[in-house]
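Keep in mind that the numbers below use all heavy atoms, side chains included, and drop hydrogens, waters and symmetry copies. Source: prediction; values computed, not measured. All chains are named by letter (A, B, ...) in the order of the sequence lines, taking the proteins before the strands, and each is independently numbered beginning at 1.
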There are 2 protein chains.
Amino acid sequence: MIKTARYLPYIHTFLVAAQCKSYTQAAEKLCITQAAISQQMRTLETHLGQPLFYRQGRSMALTQAGELLASQCQPAIEQISSAIAQLQPQPIAGELRVSSSPSFASRWLMPRMWRFSLAHPDISIQLHTSSRRMSSESRSQLGSGEIDVEICLATDDTRNLIEHNLFTGPVYPVASPFIGKQITSPETLLNYWLIERENERHFSWENWFKQLGIDMCLANPSQLQVISLDNALSAVCAGHGVCFGVHQLVQDLIAKGDLVQAHTHCFDQQLTFAAYYLSQTRKQARIQCFLDWISHEVSVQAGQADDQTILSSSV
Amino acid sequence: MIKTARYLPYIHTFLVAAQCKSYTQAAEKLCITQAAISQQMRTLETHLGQPLFYRQGRSMALTQAGELLASQCQPAIEQISSAIAQLQPQPIAGELRVSSSPSFASRWLMPRMWRFSLAHPDISIQLHTSSRRMSSESRSQLGSGEIDVEICLATDDTRNLIEHNLFTGPVYPVASPFIGKQITSPETLLNYWLIERENERHFSWENWFKQLGIDMCLANPSQLQVISLDNALSAVCAGHGVCFGVHQLVQDLIAKGDLVQAHTHCFDQQLTFAAYYLSQTRKQARIQCFLDWISHEVSVQAGQADDQTILSSSV
DNA sequence: CTTTATCATAAGAATTACTTATAGTAGTCA
DNA sequence: TGACTACTATAAGTAATTCTTATGATAAAG
């Protein structure tokens, strides 16, 4: 095979000519001249030591050897072609499977998706919700191709992944406008349900009050722990207590008057949302398109934020 | 595949490098430089849009894409290699299946085969006997490859076959030396068993006497019909009657004193023995070797014949 | 017989694939 | 830690291959 490998392109040419039964037609299909086909076939026949075609008036018929070679090499070349197609980068047009933390999906992405569809009608998005932080299940799904993009809080371990930061935002308490009107100091917050994510160490009410020099345990407030920030925001919008929100995820609700920032104090740490995809993905062009759009929407939102929010520094 | 076909040789290189896990070792196997391998792999990776190898200290390991490509392309390349091996000419060394008329096999070929073995120890001959003339069964066996060479009387119909004449020889009556001593004229032959091949039109006793102007039916001689000339010669050597022999097939027996030419008159036609093989045989080199040796032996025999025989013209 | 369609061939131009020399990287050993 | 070894990556130039263009050869059609 070592001496034969250089003739592999000629075998492909042979298969096309065998199918066309005409060098001229094969030349058209392959976008080269008939003379090139003729020379390739002559070279191949010389190498193989026998004719593969014989002249039949105005066309070429296969010899017995030609028939044998075609019947055995056709499936083999198709297998190689199929293997390569599995590897090559996909075009921009096509499907993307996106997995996202529940709050980002429902509070940020879904309200904007119609604009993505207008801008990119040839990309369809399949959206799933997962966890807030990168889980081992998410990694596995990315590795196996079940998921193309995972959107969650930024993680340190980006092995085999490409990280694309979406935004970094301050975290502060939010309440319904009705409750918001009655809050005059941090201490008055203790009179309402204090809703937080379960198993949350840093972004907890205890830590928030502590950063203000207040020991919330003395007041023994009502507390509620929920699975996701999305659940918390739903309760708060309905007037039940207060919870924390990342600025970019609550900004739209505040602009609509469904929420207000309940206090100016923000946690001393911000939160970064990022998107992750396989470094060896074949859908890189499509993913890049999607993430570029998100970045654009983030900067549009940032422009709107300048007019409306009250924020504050963390100290 | 059209744009990819030119890279098929690189895929073969890739498979060798994947197996070696080393460009340097692959270069040795393929008898090109390491730099050529490196460039081919770079070109292939660029075409496929992703890496196939990654550096692992002093060797190269396959990426996931590389593993996938190797697992799918290896069997395909092997299939192509196998198809080509089925087509390419075989070397001189190997086996030949020879079919021959019985008399040629036993009276000419077998007594000489030891010399062929000495001259060509790397060619083994499998010898079968068939019929004196080319039969449809012989053609089928040649076509299917059961037989590589058929040796028989020359035929007119050489479709798909290559003809190689071995010799053309006169046909004359032979007897044992004892009977030969007592034959003084054609007529005295009528006193002995006249042995001939059954269903033989031209080379028959009736025609031989007719060519001499003798009507053998008046003498009502004893006649015996046999299946092959080889059978006839066996009987004649044992002293039973007379039969016809082609010069080259009986020459050795005459030289040994086992037979004598019983009369000088030869038939007006000679007999040609020829060898036939498939025009598209892959064993052409081997067959040619064998037939060249036969031709050599024929001419050696012809040189010996000048000293010994009495022959005569047919008219 | 002329024309048309198709493959075969020769010569030259363009492109590709290789080699040589050297740089870069990682592993080994004293 | 530095020197040495083993191996791949890269640039530049050379050699080989492959293609194109033009034309010849062959067979079929009208």
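- Salt bridge A:E200/A:R132: present, at least one basic N to carboxylate O contact under 4.0 Å.
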Between A:S135 and A:S138, does the side-chain hydrogen bond (donor to acceptor under 3.5 Å, both in side chains) criterion hold? Intermediate values first, please. CA-CA 5 Å; A:S135 65; A:S138 292; 3.1 Å; yes

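- Scanning for side chain to side chain donor-acceptor pair (under 3.5 Å) contacts around B:Q90 gives B:R286, with sequence neighbours left out.
- Enclosure of atom CD in A:Q64 is not indicated, since only 12 or fewer non-hydrogen atoms of other residues, nucleotides or ligands lie within 6.0 angstrom.
- The closest side-chain donor-acceptor pair between B:Q34 and B:Y23, if any, does not fall under 3.5 angstrom.
- Shown here are the side chain to side chain donor-acceptor pair (under 3.5 Å) partners of A:S295, two or more places apart in sequence or in another chain: A:H164.
- B:E95 pairs by the salt bridge (charged side-chain N to carboxylate O under 4.0 Å, His left out) definition with B:R97, not counting sequence neighbours.
- For A:D156, the salt bridge (charged side-chain N to carboxylate O under 4.0 Å, His left out) criterion is met by no residue, not counting sequence neighbours.
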Can you give one letter per nucleotide of nucleotides 17-30 of chain D, 5' to 3': B if a protein heavy atom sits under 4.0 Å from the base, S if only from the sugar-phosphate, - if neither? SSBBB-----BB--

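- Scanning for ring-ring contact (aromatic ring centres under 6.0 Å, His included) contacts around A:F203 gives A:F267, with sequence neighbours left out.
- For residues 22-30 of chain A, proximity to DNA chain C is found at A:S22, A:Y23, A:T24, defined as any non-hydrogen atom under 4.0 angstrom from a strand atom.
- Axis deviation across the helix from C:dC1-D:dG30 to C:dA30-D:dT1 amounts to 30°, comparing end segments of five pairs, rounded to 10 degrees.
- Every residue two or more places apart in sequence or in another chain that forms a ring-ring contact (aromatic ring centres under 6.0 Å, His included) with A:F14 is listed here: A:F53.
- For A:H12, the ring-ring contact (aromatic ring centres under 6.0 Å, His included) criterion is met by no residue, not counting sequence neighbours.
- When DNA chain C is scanned 5' to 3' for any atom under 4.0 Å from a heavy atom of chain A, the first and last hits are C:dT4 to C:dA11.
- Residues passing the ring-ring contact (aromatic ring centres under 6.0 Å, His included) test with A:Y10 are A:Y7, sequence neighbours excluded.
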